[in-house]
Structures are given as structure tokens and as C-alpha cells.
Amino acid sequence: MNFAVILAAGKSRRLKGLDKIFYLIKKKPLIYYTILAFEKHPLIQKIVLVTRKNNFKKFCSLIKKCQFKKIAAIIKGGKERQDSSFQGLKMAEKLGA
């Protein structure tokens, strides 16, 4: 089974706190287009989304609104990007990767 792990737990330091993943492009948040690419990809069966704790509800709402079917888990990221990557890979393994 093929998984995609999407890392979306960054702190947006360069944008001074403006969360770029929710920046609107054509009335959709930027992260929508990333998820959509994997949602449509025929070789990807499941998606693990790694996010910050304070964005969890936003992601749940987006996934429900957009009816993404391949999201298998939304998990909290780690302190650094490599920690978030590791958490995403552990979850994929747990789900059957």
C-alpha cells in the first residue's frame, strides 16, 4: 500500500506567523492543492497529514468540506521537521504501509 505523508506542521517563521498553508488561492487554502494532488494520484491509497495542534480543527473541517477520502490520519507534528517526518512515517507503518 502506498502512503503520502504531508508535512504541514511548520511555524511559518519566515512569514512572521502568517500560516501560509491556509493562504487562499482561488478561494481555496494552499494546502488544499497539495492534498488534492495526492487524492487524485492513482498510486496513492492513503494520506497521513502531519499538522500543528492548533490547526487540527481547521484540517478536520477542510477535509470534511472537500470530501477527501484518502486521509487516513491527522497527527500532531514534532518539535522539528525531522520529528514530524518520523511521526508521519510511524503512523503510516501503524496503518499498514
Side-chain angles (χ1 to χ4, degrees):
M1 183 171 301
N2 294 319
F3 280 76
V5 176
I6 299 174
L7 301 177
K11 295 179 180 120
S12 298
R13 289 183 198 131
R14 289 178 289 179
L15 291 176
K16 299 179 177 145
L18 175 66
D19 205 342
K20 63 185 170 264
I21 60 174
F22 291 107
Y23 184 81
L24 296 179
I25 298 175
K26 294 186 179 182
K27 299 183 182 181
K28 302 261 192 228
L30 181 60
I31 193 66
Y32 165 86
Y33 299 100
T34 303
I35 296 170
L36 184 63
F38 290 108
E39 183 78 18
K40 288 183 170 184
H41 198 289
L43 296 179
I44 299 296
Q45 284 82 36
K46 293 187 180 187
I47 300 168
V48 175
L49 186 57
V50 185
T51 185
R52 290 188 307 199
K53 184 179 179 180
N54 61 333
N55 283 339
F56 190 83
K57 287 183 182 179
K58 283 183 182 180
F59 274 110
C60 289
S61 176
L62 175 68
I63 290 160
K64 184 176 181 179
K65 179 181 176 184
C66 297
Q67 299 180 347
F68 290 125
K69 305 288 186 224
K70 293 183 180 181
I71 303 288
I74 305 172
I75 62 169
K76 182 180 170 237
K79 184 177 178 183
E80 300 294 333
R81 187 173 182 86
Q82 64 265 21
D83 302 317
S84 296
S85 299
F86 185 63
Q87 294 299 327
L89 292 172
K90 281 189 349 186
M91 179 54 72
E93 182 179 48
K94 185 187 255 186
L95 293 169

Identify all side-chain donor-acceptor contacts of residues 83-91 below 3.5 Å with residues at least two apart in sequence or on another chain.
unit_1: Asp83; atom_1: OD2; unit_2: Glu80; atom_2: N; d: 3.0
unit_1: Ser84; atom_1: OG; unit_2: Gly78; atom_2: N; d: 2.9
unit_1: Ser85; atom_1: OG; unit_2: Arg81; atom_2: O; d: 3.1

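Hydrophobic clustering, with ILVMFWY side chains joined whenever heavy atoms are under 4.5 angstrom apart, groups Ile25 together with Ile31. Hydrophobic clustering of Ile, Leu, Val, Met, Phe, Trp and Tyr side chains at less than 4.5 Å, counting indirect connections, keeps Leu43 apart from Val5. Following chains of ILVMFWY side-chain contacts shorter than 4.5 Å, one cannot reach Leu24 starting from Leu62, and the two form parts of different hydrophobic clusters.
In this structure, CD1 in Ile63 is found 14.0 Å from NZ in Lys70, a value given to the nearest 0.5 Å. Taken from CD1 in Ile35 to CZ in Phe59, the straight-line distance is 6.0 Å, to the nearest 0.5 Å.
Not a single ring pair (Phe, Tyr, Trp, His ring centres under 6.0 Å) links Phe38 to another residue, sequence neighbours left out. Lys58 pairs by the side-chain contact (heavy atoms from CB on, under 4.5 Å) definition with Phe22, Asn55, not counting sequence neighbours. Shown here are the side-chain contact (heavy atoms from CB on, under 4.5 Å) partners of Ala37, two or more places apart in sequence or in another chain: there are none.
Residue pairs meeting the side chain to side chain donor-acceptor pair (under 3.5 Å) criterion with at least one partner in residues 28-50, sequence neighbours excluded, are absent.
Nearest heavy-atom pair across Ile74 and Cys60 is CD1-SG, 3.9 Å. Nearest heavy-atom pair, Ala8 versus Ile21, reported as atom, atom and distance to 0.1 Å: O-CD1, 3.7 Å. Of all non-hydrogen atoms in Gly77 and Val50, the two that sit nearest each other are CA-CG1, 3.4 Å.
Counted within 6.0 Å of CD on Gln67, heavy atoms from surrounding residues, nucleotides or ligands total 12 or fewer; the atom is thus considered open.
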